[in-house]
Amino acid sequence: IKSDSGIGTIPIKKVSRSGKLPLSYAQQRLWLLAQLEPDSPAYNIPAAFRLKGKLNLNVLVKSFSAIIQRHEILRTNLTQVKGEAVQIIHLQVDFKPVIIDIASLPQNLQEQKISKLAEQEALQTFDLEKDLLLRITLIKLTDIEHVILFTMHHIISDGWSIGIFVNEFTTIYKAFVEGKPSPLPELQLQYVDYAVWQREWLKDKVFDKQLSYWKQQIGNNLSVLKLSIANPQPEVRTFRGGRQRIVIDTDLSKDLKNLSTEC
């Protein structure tokens, strides 16, 4: 990992799992938000995918369990020790998907039921200290068609991780169905190793330089944020968002990718 600080970097190494394990700064932000609004589903990451073909339920559960065992962050809870937020990594967790059979419903009602279940699942909150921060629901439509809903809290995952999760599930499930072991190699580093590295790197001179930069950017005279009152804020936040699509040319896209790789 490169740095433009002129101070250099330290390598990421596997750390001892004993003692207090810190949160990354990204996790710390989400932890604080969870303390302010413990019943908010705003940082749930829901996703769904449809399976077509014969499904081996035992292998499916075994495959998900293998992924959870492979990634420590998926069996991690967060709590406070003497006022400091820390990670608690469990050696093993008891994983059981929720199974819902709606095969008796006609197809049009099945789709309505899927949408309702997906919405309910996405809005169900997590207890960061007690819950497995990954939930999986299997919806049976027919003997050869199923829908899988899964939700992770953003404190253990992000949008990029969903693709990794699905790819690993596909790889492991295929191997297990064929009676083979998982072909995925053991991970040499886990997220907590990064969190410790980040804390070590962003201290002393590096931290001071980063802080100084943002103080200069923000300054002391912050302008008042003027928002239109044509659409006043509701009394209860809905977290409804929107999506704006834009098209950028190939050269700009290439330049942006190059910029994003420079540290």
Side-chain angles (χ1 to χ4, degrees), residues 1-35 42-45 47 64-93 95 126-129 131-134 150-169 171-172 182 184-211 213-214 256-263:
I1 297 178
K2 299 182 296 182
S3 170
D4 63 356
S5 66
I7 301 171
T9 60
I10 58 175
I12 301 179
K13 297 180 180 179
K14 192 173 184 66
V15 301
S16 171
R17 298 310 190 249
S18 61
K20 293 193 297 183
L21 297 172
L23 278 59
S24 69
Y25 285 110
Q27 286 180 313
Q28 189 170 358
R29 291 194 297 270
L30 291 164
W31 170 262
L32 175 59
L33 292 169
Q35 306 315 298
Y43 292 97
N44 286 3
I45 303 178
F64 282 130
S65 297
I67 295 174
I68 293 171
Q69 193 62 33
R70 171 176 165 77
H71 295 276
E72 288 181 347
I73 194 66
L74 297 180
R75 41 190 170 88
T76 294
N77 285 110
L78 301 104
T79 189
Q80 290 190 68
V81 176
K82 296 181 179 180
E84 181 182 359
V86 297
Q87 300 191 53
I88 305 297
I89 302 173
H90 305 286
L91 294 178
Q92 290 184 324
V93 295
F95 166 74
F126 287 99
D127 184 328
L128 300 184
E129 295 193 50
D131 294 341
L132 184 68
L133 302 182
L134 162 68
F150 67 94
T151 307
M152 294 181 279
H153 194 281
H154 191 23
I155 208 164
I156 67 159
S157 184
D158 57 20
W160 180 265
S161 302
I162 293 176
I164 295 174
F165 187 95
V166 172
N167 288 338
E168 289 196 356
F169 166 74
T171 300
I172 293 174
S182 170
L184 301 179
E186 181 180 352
L187 297 174
Q188 298 302 309
L189 295 171
Q190 299 276 349
Y191 188 80
V192 71
D193 299 312
Y194 164 78
V196 172
W197 171 86
Q198 185 188 51
R199 294 280 176 171
E200 286 294 314
W201 181 58
L202 286 176
K203 70 178 184 180
D204 302 329
K205 293 182 179 180
V206 176
F207 183 85
D208 291 341
K209 182 172 182 178
Q210 296 280 342
L211 183 61
Y213 169 83
W214 285 109
L256 288 172
K257 289 180 180 179
N258 290 337
L259 178 63
S260 68
T261 60
E262 297 176 3
C263 298

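Here, residue 1 is the first one in the sequence, and each next residue gets the next number. Note that the structure is a prediction, hence the values are computed from the model and not measured. The figures that follow rest on heavy atoms only: side chains count, while hydrogens, waters and symmetry mates do not.
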Pairs in or reaching into residues 74-90: which pass salt bridge (Lys or Arg N to Asp or Glu O under 4.0 Å), with residues at least two apart or in two chains?
-> Lys20-Glu84

Regarding Gln87 and Glu72, is there a side-chain donor-to-acceptor distance under 3.5 Å anywhere?
-> no

With Phe95, which residues qualify under ring pair (Phe, Tyr, Trp, His ring centres under 6.0 Å), at least two apart?
-> none

Given side chains that start at C-beta, do those of Gln190 and Ile73 come closer than 4.5 Å, heavy atoms only?
-> no

Does Ile155 offer a backbone N or O that forms a donor-acceptor pair with the side chain of His153 under 3.5 Å?
-> yes

Can you establish whether the number of heavy atoms outside Lys13 located under 6.0 Å from its atom NZ is more than 12?
-> no

What pairs with Val15 under side chain to side chain contact (heavy atoms under 4.5 Å, CB included), at least two apart in sequence or on another chain?
-> Arg17, Asp193, Val196

With distance as the sole test, does Arg199 use its side chain to make a donor-acceptor pair with the main-chain N or O of Leu23 at under 3.5 Å?
-> yes

With sequence neighbours left out, what residues match Leu91 under side chain to side chain contact (heavy atoms under 4.5 Å, CB included)?
-> none

Applying ring pair (Phe, Tyr, Trp, His ring centres under 6.0 Å) to Tyr191 and not counting sequence neighbours gives Tyr194

Under 3.5 Å donor-acceptor, Trp201 side chain and Ile10 backbone | no

Could you pull out all residues at least two apart from Asp158 that satisfy side chain to side chain contact (heavy atoms under 4.5 Å, CB included)?
-> His154, Trp160, Ser161

Just do the ring pair (Phe, Tyr, Trp, His ring centres under 6.0 Å) check on Phe150 and Phe165 with the steps written out, would you?
-> CA-CA 10 Å; Phe150 67 94; Phe165 187 95; 5.0 Å; yes

